[in-house]
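Since the structure is predicted, the reported quantities are computational estimates derived from the model, not experimental observations. Chain letters run A, B, ... following the sequence lines, proteins first and then strands; every chain starts at 1. Hydrogens, waters and symmetry mates are skipped; everything else that's a heavy atom, side chains included, is used.
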2 protein chains.
Amino acid sequence: MMQLSYTEENYLKALLKITYESGKGQAGTNELATHMDLKPATVNDMLRKLKEKGFISYQKYGKITMLEPGKLKAIEIIRKHRLWETFLYKKLEFTWDEVHEVAEQLEHIQSAKLVERLAKFLDFPEFDPHGDPIPDENGLFKVKHKKTLSEVGIGKKAKMVAVKDNSSLFLKYVMGVGLGLNNVIKVISKQDYDSLMVIEVNGKRSNVSLKFAENIYVI
Amino acid sequence: MMQLSYTEENYLKALLKITYESGKGQAGTNELATHMDLKPATVNDMLRKLKEKGFISYQKYGKITMLEPGKLKAIEIIRKHRLWETFLYKKLEFTWDEVHEVAEQLEHIQSAKLVERLAKFLDFPEFDPHGDPIPDENGLFKVKHKKTLSEVGIGKKAKMVAVKDNSSLFLKYVMGVGLGLNNVIKVISKQDYDSLMVIEVNGKRSNVSLKFAENIYVI
DNA sequence: AAATTTTGTTAGATTCGTCTAACTTATATA
DNA sequence: TATATAAGTTAGACGAATCTAACAAAATTT
Ligand SMILES: [Mn+2]
Ligand SMILES: [Mn+2]
Ligand SMILES: [Mn+2]
Ligand SMILES: [Mn+2]
């Protein structure tokens with residue numbers, strides 16, 4: 001399979017993300033444009049190209065779905081991204097809010113040997129610093145968690161296993177509340193009106209919004 | 001200083017290399033084009049751009065010299081290149097003929113923190129897997145070796161400290177002769193006509209050409 | 001069913017990095 | 001010094017990735 005450009009790789013990655021996350025397995029032009037911070041016209045051109053190359057299925061005015069080669073390529077990039085994040089976090093002492101930005105660049109380095117050696121060097125990690133699963137060399141990975149903190153009932157406890165939002169802003173906020181992966185969270189109370197929650201982590205109580213709670217995955 | 005493109009970075013790196021290696025501290029359009037495997041017309045356009053940005057000094061039909069900002073940028077890229085080569089070699093078990101190609105990509109990753117953490121992780125190495133000096137965070141590095149195997153007299157011994165040609169083809173050839181960094185080489189004989197040498201390394205004798213000998217740095 | 005809004009497409013332009021072909025200037029050679 | 005060759009420049013083109021402005025189709029609301 002021919003070499004994809006940096007840009008094409010990013011489109012496939014974004015497409016996989018939104019087709020999966022929407023649950024419907026499909027996406028629209030505007031939706032993709034918004035997600036990638038591009039104009040619909042720009043995306044439209046690229047869609048014709050990706051269709052031409054056999055990565056996606058799509059026809060004029062229709063919805064976009066990913067074809068197998070597109071999915072595989074996207075998963076490969078996600079694998080690289082998460083391995084690099086793990087490397088930065090575990091070996092170079094980056095904090096979890098610093099890794100994403102650099103991994104966005106590193107994920108595009110082309111070298112099959114590098115990816116496999118890196119995986120081995122890291123002892124074949126299964127999760128990245130944000131709790132997201134790392135696909136293996138065959139593209140297989142654990143299904144993502146579905147339950148978020150916002151769904152935990154009053155008085156109940158849950159363990160934080162991942163974050164949905166990977167932005168530095170959010171991650172710093174999470175740290176500020178004294179929260180990290182694998183911490184146990186107890187829901188003390190929840191407002192009926194706006195779902196504002198009081199949670200307790202390691203004995204420390206904090207107020208968190210619905211938006212916050214929806215971005216914390218728990219089990 | 002504004003962000004340079006991948007391409008601009010490569011021009012500066014190539015320019016530093018040829019201005020230094022020529023000894024004259026200057027380069028010509030065609031020379032640079034040949035070195036980068038581009039057409040002179042292409043290079044000409046870029047030269048106007050790099051001049052405009054203050055990285056080089058050059059006027060129509062004249063020679064190119066590098067200005068301080070250009071040198072600093074080029075040295076920074078060389079630092080990254082050599083640190084990555086060292087990482088691949090020392091930590092990921094790449095062979096010395098495999099590292100260059102991947103480092104050509106990695107050298108363009110933008111993150112000051114990454115470079116410094118990588119240097120620390122590698123324990124601030126001073127030389128890369130080919131024996132080339134790694135500039136420190138201030139751009140300072142040991143002056144390069146000048147003497148090559150071709151200058152060693154018959155019956156004399158010398159220690160190999162670096163290679164000039166970093167191509168996989170050459171490096172594999174060097175390994176084939178049983179030669180590696182820090183090995184002691186004894187010159188057994190040399191033909192007057194074509195400088196073909198017989199050398200001895202770890203008790204093993206081999207015939208090597210002038211071209212080969214000129215690409216091995218020794219002290 | 002008509003009107004409005006949302007979604008998606010097309011045409012035309014721009015920037016970057018590259019090329020070929022034609023031209024100009026500088027250098028080397030007879 | 002005249003001519004030939006080497007080195008360097010310019011004009012015009014192109015593909016990739018982006019944009020804006022105008023248009024078309026589909027979906028939603030009245
Ligand atoms: Mn990430
Ligand atoms: Mn990316
Ligand atoms: Mn190299
Ligand atoms: Mn490069």
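Residues that satisfy the side-chain contact (heavy atoms from CB on, under 4.5 Å) test with A:K63, not counting sequence neighbours, are A:Q26. B:F124 meets the ring-ring contact (aromatic ring centres under 6.0 Å, His included) test with no other residue; sequence neighbours excluded. Not counting sequence neighbours, the partners of A:H108 by the side-chain contact (heavy atoms from CB on, under 4.5 Å) test are A:Y6, A:E9, A:N10. Residues passing the salt bridge (Lys or Arg N to Asp or Glu O under 4.0 Å) test with B:K147, sequence neighbours excluded: none. The salt bridge (Lys or Arg N to Asp or Glu O under 4.0 Å) test applied to A:E101 returns no partner, not counting sequence neighbours. In this structure B:K71 satisfies the salt bridge (Lys or Arg N to Asp or Glu O under 4.0 Å) test with no other residue, sequence neighbours excluded. Every residue meeting the side-chain contact (heavy atoms from CB on, under 4.5 Å) condition with B:F212, not counting sequence neighbours, appears here in chain and number order: B:F170, B:Y173, B:V174, B:V177, B:L179, B:V208, B:S209, B:I216. Residues that satisfy the salt bridge (Lys or Arg N to Asp or Glu O under 4.0 Å) test with A:K190, not counting sequence neighbours, are absent from this structure.
Distance, B:K39 NZ to D:dC14 C1': 16 Å, rounded to whole Å. Across the protein-nucleic acid pair, A:E52 atom CD and D:dA16 atom P stand 12 Å apart, rounded to whole Å. To the nearest angstrom, C1' of C:dT7 lies 16 Å from CD of A:Q59. One interatomic measurement links the two molecules: CD of A:Q3 to P of D:dG15, which rounds to 21 Å at whole-angstrom precision. Put simply, CG on A:N30 is 17 Å from P on C:dT5, counting in whole angstrom units. One interatomic measurement links the two molecules: OH of A:Y6 to C1' of C:dC16, which rounds to 16 Å at whole-angstrom precision. Between A:M36 atom CE and D:dC19 atom P there is a gap of 10 Å when expressed in whole angstrom units. In this structure, A:L38 places its CG atom 20 Å from P of C:dT14, rounding to the nearest Å.
Within residues 10-21 of chain B, no residue is approached by DNA chain D to less than 4.0 Å at the level of any non-hydrogen atom. Within residues 40-48 of chain A, the residues having any heavy atom closer than 4.0 Å to DNA chain D are, in order of number, A:A41, A:T42, A:D45, A:M46.
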Donor-acceptor pairs are to be reported for all side-chain atoms of residues 29-37 of chain B against protein atoms at under 3.5 Å, with residues two or more places apart or in another chain.
from	atom 1	to	atom 2	distance (Å)
B:E31	OE1	B:G28	N	2.9
B:T34	OG1	B:N30	O	2.9

Check nucleotides 22-28 of chain D against the protein and report each pair of N or O atoms closer than 3.5 Å, with its distance, or say if there are none.
none

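The shortest side-chain heavy-atom distance between A:H130 and A:L171 falls under the 4.5 Å cut-off. Residues B:V99 and B:V102 fail the side-chain proximity criterion, which asks for heavy atoms closer than 4.5 Å.
Counting any heavy atom pair closer than 4.0 Å across all strands shown, B:Y58 reaches sugar-phosphate atoms only and no base atom.
For the pair A:T29 and C:dT9, the criterion of a side-chain N or O lying under 4.0 Å from OP1 or OP2 is met. Residue A:K63 has a polar side-chain atom (N or O) positioned under 4.0 Å from OP1 or OP2 of C:dG8.
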